2 protein chains.
Amino acid sequence: MRLFLEQGFETTTVNQVAEAAEVSAMTVYRHFPTKEHLVLSDDYDPDILELVRAREPGEPLVTRIGRALADGLSRLSEPELDLLLRRIRLMLSAPALRARLLENQHATQAAVVEALRGERTDPEWEFRLRICADACFTATTAALIRWAETDDAHRPGELVHRAIDYLAEETG
Amino acid sequence: MRLFLEQGFETTTVNQVAEAAEVSAMTVYRHFPTKEHLVLSDDYDPDILELVRAREPGEPLVTRIGRALADGLSRLSEPELDLLLRRIRLMLSAPALRARLLENQHATQAAVVEALRGERTDPEWEFRLRICADACFTATTAALIRWAETDDAHRPGELVHRAIDYLAEETG
DNA sequence: CTAACATATGTTAGTCACTAACATTTAGGA
DNA sequence: TCCTAAATGTTAGTGACTAACATATGTTAG
């Protein structure tokens, strides 16, 4: 992270990272499958799943997933937010990272869909879940990007909250 | 496309593509910035923009963008759908392609946001536009993926239509 | 018809992410 | 202390992509 922030993601080679960590390049690849994973690996998934499960099953899906994501962000501590902010800024700076970010999102989303599938296994319900999870996750991403781009004192959780509201307002 | 479909995307080298096209590898790179662009470049953007602009300005944003996308798909001819289907199947087969697909989407989305910005330039309106465009585009992608995965006789336009409906139903 | 110029293409050599195969070290238990 | 398994290192390679320079090809002016 230090090297990437100092000299940029693309201009930093894996060898440099390896040297800085005092290991060989090969060792880096054994711990992180790609260079992008050095930035992107996190472990928010379990918390997100718990928050989604904890909400009322009767709620509309978008509300349920969206509010869970917003609450999860609101619960992060100041240093956690700092790290998140730096990671997001980095992601925005490199196309390769932006691309992988969305792949990551997809994995978390799959877990959420899995958690909400319940007994219903028909493809139509699966489809509906995917649509709603997609909308919530992209709304969250958009909110985080706005948070990272502006120097406002916005709290990310509140931005996500608002994003979900907009979705409700702009739906016929 | 032929080579990629025959032997897979990752196992086909750019050199092979160049040979098949009877040019040098360098020439390939001058026409397509990356290997992924060989599959991903399309020119649907102008049509999408026109369809979005053509709809009632009074409509909720999700309806407006979502229906425009659904209509655009409904309007494609049989051979165009065939090509689209093959491209989507290919994208689903290679992680690198999946990632870039989302980058592509982002570009089209930016154009839609641009088109709908109008006179309002405040960041809050921009934010709202992004949220809605995101939701519609990911819903479309989910619909296309479902279309490509199942061998049902579903029409993609109709699937997108239904996806947008789900979004409306699951919103509080 | 040709000279001049721009544009498209080819060639070569290089960087860097990533992989495979094998060698070496390190750590922990019998 | 020996043995085994896991972690790390080394080397050599592949393949996407870039930079620099050379060549061809087409286009317009004289």
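As the structure is a prediction and not an experimental result, all values here were calculated from the model. So you know, we letter chains A, B, ... as the sequences are listed, proteins then strands, and number each from 1.
In the model, B:Glu124 has a side-chain atom that pairs as donor or acceptor with a side-chain atom of A:Tyr166 under 3.5 Å.
From the 5' end on, the contacts that DNA chain C makes with chain B at under 4.0 Å to a non-hydrogen atom open and close at C:dT9 to C:dT11.
The side-chain hydrogen bond (donor to acceptor under 3.5 Å, both in side chains) test applied to B:Ser41 returns no partner, not counting sequence neighbours. Looking at residues two or more places apart in sequence or on another chain, you find a side-chain contact (heavy atoms from CB on, under 4.5 Å) between A:Ala20 and A:Leu3. Partners of A:Leu116 by side-chain contact (heavy atoms from CB on, under 4.5 Å), not counting sequence neighbours, listed by chain and number: A:Val52, A:Leu61, A:Arg64, A:Ile65, A:Val112, A:Leu129.
Here CZ of A:Phe4 is found 12.5 Å from CZ of A:Arg87. Values are rounded to the nearest 0.5 Å.
Residue A:Thr11 is out of contact with every strand shown, counting any heavy-atom pair closer than 4.0 Å.
Against DNA chain C, the stretch residues 19-31 of chain B makes heavy-atom approaches under 4.0 Å through B:Val23, B:Ser24, B:Met26, B:Thr27, B:Arg30, B:His31. Contacts between residues 92-107 of chain B and DNA chain C, defined by a heavy-atom separation below 4.0 Å, involve no residue at all.
In this structure, B:Arg55 pairs ionically with B:Asp71, as a charged nitrogen and a carboxylate oxygen lie closer than 4.0 Å.
When Watson-Crick and G-U wobble pairs are counted only if both distances are under 3.5 Å, C:dT7 pairs with D:dA24.
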Task: Residue pair A:Arg67, A:Asp165: steps toward the salt bridge (Lys or Arg N to Asp or Glu O under 4.0 Å) verdict - done: CA-CA 10 Å; A:Arg67 296 271 185 266; A:Asp165 286 343; 3.2 Å; yes

